[in-house]
Amino acid sequence: MKIYYINRDQSTARRDWMESQLSQLANDKIQYSRISAVEGATLTEAEINAVTDYDQGATRKLSANEVGCFLSHRKVWQRISDSPDEYGVVMEDDVLLSSKVDLFLSNTNLLPQIL
């Protein structure tokens, strides 16, 4: 399974952290790709309103940063959906990876079965 990690363009230290971890673990079984995060602070009100619906009983409105986070994840989900891969793993850029992550990534039997 391919790893997609979300990273803000200006967060170079976090990018370096992830790239360091992933390159140490990389082999023919582990592939990864950085996904540029959607910056919530740059979203217009129209862009925020396009993905939120507050008429459904929400107790509070999402912040621009929360919407940006959601849109970042949706961006990755779309990338996985558009790929030929059956599965993908989505991570934030502050995750600490186990040295045994390849055991999980190479075993789809660990994933829940969808009926």
Side-chain angles (χ1 to χ4, degrees):
M1 270 184 279
K2 186 172 183 176
I3 294 174
Y4 298 85
Y5 76 92
I6 300 169
N7 171 256
R8 295 175 65 219
D9 290 340
Q10 58 271 52
S11 294
T12 56
R14 284 184 173 206
R15 181 181 319 139
D16 292 345
W17 161 251
M18 287 301 293
E19 295 287 329
S20 173
Q21 289 187 91
L22 290 165
S23 65
Q24 289 177 15
L25 298 171
N27 56 40
D28 58 344
K29 294 181 183 177
I30 297 179
Q31 298 177 353
Y32 59 92
S33 181
R34 176 188 172 270
I35 303 297
S36 179
V38 174
E39 294 292 336
T42 67
L43 296 173
T44 66
E45 189 172 339
E47 289 171 318
I48 292 171
N49 290 338
V51 295
T52 56
D53 182 2
Y54 296 113
D55 294 334
Q56 302 299 316
T59 57
R60 70 172 181 85
K61 289 190 173 190
L62 297 174
S63 71
N65 286 337
E66 289 170 322
V67 173
C69 182
F70 163 73
L71 290 173
S72 297
H73 282 263
R74 187 172 77 174
K75 186 188 219 183
V76 181
W77 302 332
Q78 188 65 56
R79 179 82 58 93
I80 294 168
S81 177
D82 292 343
S83 80
D85 300 327
E86 192 171 358
Y87 304 101
V89 176
V90 182
M91 297 181 177
E92 298 284 342
D93 62 1
D94 59 352
V95 67
L96 174 61
L97 296 172
S98 165
S99 61
K100 297 180 182 182
V101 70
D102 61 322
L103 298 175
F104 167 75
L105 295 172
S106 63
N107 188 353
T108 58
N109 293 327
L110 297 173
L111 300 173
Q113 298 300 309
I114 299 174
L115 302 176

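Just so you know, residue 1 is the first one in the sequence shown, and it goes up from there. Source: prediction; values computed, not measured.
- Rounding to the nearest 0.5 Å places CG of L22 at 10.5 Å from OG of S33.
- Under the 4.5 Å side-chain contact rule for hydrophobic residues, F104 and M91 share a cluster.
- For the pair D85 and K2, the tightest heavy-atom approach, listed with the atom from each and the gap, is OD2-CB, 4.2 Å.
- In this structure, the separation between CD on Q31 and CG on L105 is 10.5 Å, given to the nearest 0.5 Å.
- At a threshold of 4.5 Å between non-hydrogen side-chain atoms, the residues R8 and S72 do not count as touching.
- Distance check, rounded to the nearest 0.5 Å: CE of M18 to CG of L97 gives 5.0 Å.
- Of all heavy-atom pairs spanning L62 and E66, the tightest one is CA-OE1, 3.3 Å.
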* Asked: Does the side-chain contact (heavy atoms from CB on, under 4.5 Å) test come out yes or no for V90 and H73, once each step is laid out?
  -> CA-CA 8 Å; V90 182; H73 282 263; 3.6 Å; yes
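- Nearest heavy atom pair, residue Y87 against residue I80, reads C-CG2, 4.2 Å.
- Considering all non-hydrogen atoms of both residues, V95 and W17 come closest at O-NE1, 3.1 Å.
- The closest side-chain donor-acceptor pair between R14 and N7, if any, does not fall under 3.5 angstrom.
- Separating the OG1 atom in T52 from the NZ atom in K61 is a distance of 7.5 Å, to the nearest 0.5 Å.
- The closest side-chain heavy-atom distance from R79 to S83 is not below 4.5 Å.
- The hydrophobic cluster containing I3 does not contain L103, counting ILVMFWY residues as joined when their side-chain heavy atoms lie under 4.5 angstrom apart, directly or transitively.
- Using modelled atom types, no side-chain atom of R34 and backbone atom of Y5 make a donor-acceptor pair closer than 3.5 Å.
- When every heavy atom of E19 is checked against every heavy atom of Y32, the shortest pair comes out as OE1-CE1, 3.3 Å.
- Counting only distance, with no hydrogens or angles, the side chain of S81 and the backbone of Q78 share no donor-acceptor pair below 3.5 Å.
- Side-chain N or O atoms of K75 include one that pairs as donor or acceptor with a backbone N or O of S36 at under 3.5 Å.
- We find the CZ-OG distance between R15 and S11 to be 8.0 Å, quoted to the nearest 0.5 Å.
- Nearest heavy-atom pair across I6 and A37 is CG2-CB, 3.7 Å.
- The CD atom of Q10 lies 9.0 Å from the OG1 atom of T12; values are rounded to the nearest 0.5 Å.
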* To do: Take V51 and R74 through the test side-chain contact (heavy atoms from CB on, under 4.5 Å) and record every step on the way to the result.
  => CA-CA 11 Å; V51 295; R74 187 172 77 174; 3.7 Å; yes
